[in-house]
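Predicted model, so just to flag it, every value in this text is computed and none were measured. Throughout, a chain's letter reflects where its sequence line sits, starting with A, and its residues are numbered from 1. When reading the values below, keep in mind they use all heavy atoms of this one structure, side chains included, and skip hydrogens, waters and symmetry mates.
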Number of protein chains: 2
Amino acid sequence: MDKKSARNKKELILKAAEHEFMANGYEATKTTQIAERAGVTHAMVHYYFQTKENIFRKIYEDKIDMLKDPILAIVESKDLELPQRIDAIIETHFDFLKANPELPYFLMGEIRNNPVFIETLKDRIGDVIAKSCKKLQVELDDYINRGIINSILAEDLVMNIVSLNVFTFIAISVTQSHERDDNKINLLLEQRKREIKETINRRIIKTEKQA
Amino acid sequence: MDKKSARNKKELILKAAEHEFMANGYEATKTTQIAERAGVTHAMVHYYFQTKENIFRKIYEDKIDMLKDPILAIVESKDLELPQRIDAIIETHFDFLKANPELPYFLMGEIRNNPVFIETLKDRIGDVIAKSCKKLQVELDDYINRGIINSILAEDLVMNIVSLNVFTFIAISVTQSHERDDNKINLLLEQRKREIKETINRRIIKTEKQA
DNA sequence: ATTTTGTTTAACAACCCTGTTAGACATTGC
DNA sequence: GCAATGTCTAACAGGGTTGTTAAACAAAAT
């Protein structure tokens, strides 16, 4: 069972690498660390992937693509009214972050040290965002003209949602870094989600008075 | 002129170090880099500061203290009505970030790699924030009970403001990293500031219809 | 003037990190 | 069986990084 153990080791290395990269970022992660966590000699790491950058690419390309899905979720689901859909967008985006809580942190770090990373990011999801914004603006304008919602730019709305959502998880990483009480964090997150929806809702909805 | 040149060199090293740390973070900054930028031999860096961590401490302790001022600005200035004061808080906080645009980025990075950094941060400004929140909550409750503003938790309000403000500068760092057109960035920032005030305002103010 | 003290340099030691390589060992195909 | 190929290890080379040190140099103190 050589091939099996081989595939297994490659997997182990990838998993270990993902963990280390996510936790410490590219720069701070050492191939020896990855090897240790994977339980293999560090020569193995280079045998399978040659360079540290190779390992990193394999992982982050997948991660970047993952970002597309929640963005595209914004554009889909035409069956709901716009305000309800925006609500759903917040929910989807927030839950995506909840499922990948280290992602904002990770991206933040890589964006800082990896100029290449920024370029790849822009190439891979920049146009998706731009297109989504344009589409959203058309819909927004329709509702604005019909006097249903307040005047707002799509970029501002998206920026507001992303800011509020993403920053929640950055703050959690900072303040609750040792906290092990998942239940407590969960309650905190649900509270924030409600608050964010409320804030965005009040920003756009024209007629008033909801509890 | 030995003492003068000495103080000068120490200053040069500190300035160079600040620049490098801000740009690349602790891990990625090398003492040789600092020496090079300061225009001294790298032995000088160790002569004056012994260790890289020492240099870092000197700088970030100042920076962390800088964070206090805009927070305390929240509590002061009792002469205005609460909604106007919250407006002023946003303005002050935003302008503080504008004057120190690399700070969010820098803190983000250090928070990630320096567990000690988080502790220092908590020690130095954690209680200031907690106290400010408590004070703010009392005032908020007063306005809420009088039916002037919507029900909201002080922590949520603060979190909303900080999220929207800080994330603006993180986003700028990412998307406009090469951009040299300060005027364009300035317009973008003013637009964001207006939008953030609008969003927070609509979140808290009960009676409606303002342009 | 000379001792003491502080500044500066060049060279170096120790360490860690990435990546390679020679050779051992196992597996597969013929 | 045996050749070819793939997996694996231990050892190492090369390069960079932090921090030290001996010795030169300058200034200040006595």
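Across all their heavy atoms, A/I152 and A/I144 have their closest contact at N-CD1, 3.7 Å. When every heavy atom of B/M159 is checked against every heavy atom of A/A171, the shortest pair comes out as CE-CB, 3.4 Å.
Across D/dT9, D/dT18, C/dT20, the shortest atom-to-atom separation from the side chain of A/H46 is found for C/dT20.
Ion pairing between A/E155 and A/K134 fails under the 4.0 Å rule for side-chain N and carboxylate O. Looking at A/K30 and A/E20, no side-chain N of the basic residue comes within less than 4.0 Å of a carboxylate O on the acidic one, giving no salt bridge. For the pair B/R57 and B/E53, the salt-bridge criterion is met [side-chain N within less than 4.0 Å of a carboxylate O].
What separates CG of B/L12 from P of C/dT7 is a distance of 15 Å, to the nearest Å. Across the protein-nucleic acid pair, A/I55 atom CD1 and C/dC17 atom C1' stand 13 Å apart, rounded to whole Å. Summarising the geometry, the separation between CD on A/E53 and C1' on C/dC17 is reported as 16 Å, rounded to the nearest angstrom. Across the protein-nucleic acid pair, A/F56 atom CZ and C/dC17 atom P stand 18 Å apart, rounded to whole Å. Atom CD in A/Q33 sits roughly 17 Å away from atom C1' in C/dG19 (whole-Å rounding). Between the CD atom of B/E27 and the C1' atom of D/dG16 there is a distance of 14 Å, rounded to whole Å. The distance from atom CE of B/M44 to atom P of D/dG19 is 15 Å, rounded to the nearest whole Å. As a whole-Å value, the separation of B/F49 CZ from D/dT20 P is 15 Å.
Distances shorter than 4.0 Å separate some side-chain N or O of B/K9 from OP1 or OP2 on C/dT8. A/Y47 has a side-chain polar atom (N or O) that falls below the 4.0 Å cut-off from OP1 or OP2 of D/dT7. Note on A/T41: a side-chain N or O is less than 4.0 Å away from OP1 or OP2 of D/dT9. Considering only side-chain N and O atoms, A/Y48 lies under 4.0 angstrom from the phosphate OP1 or OP2 of D/dC8. Taking 4.0 angstrom as the limit, A/K52 places a side-chain polar atom (N or O) nearer than this to OP1 or OP2 of C/dT18. Side-chain N/O atoms of B/T31 include none lying less than 4.0 angstrom from OP1 or OP2 on D/dT17.
Mapping A/H42 and B/V40 onto DNA chain C by nearest heavy atom places B/V40 closer to the 5' end of the strand.
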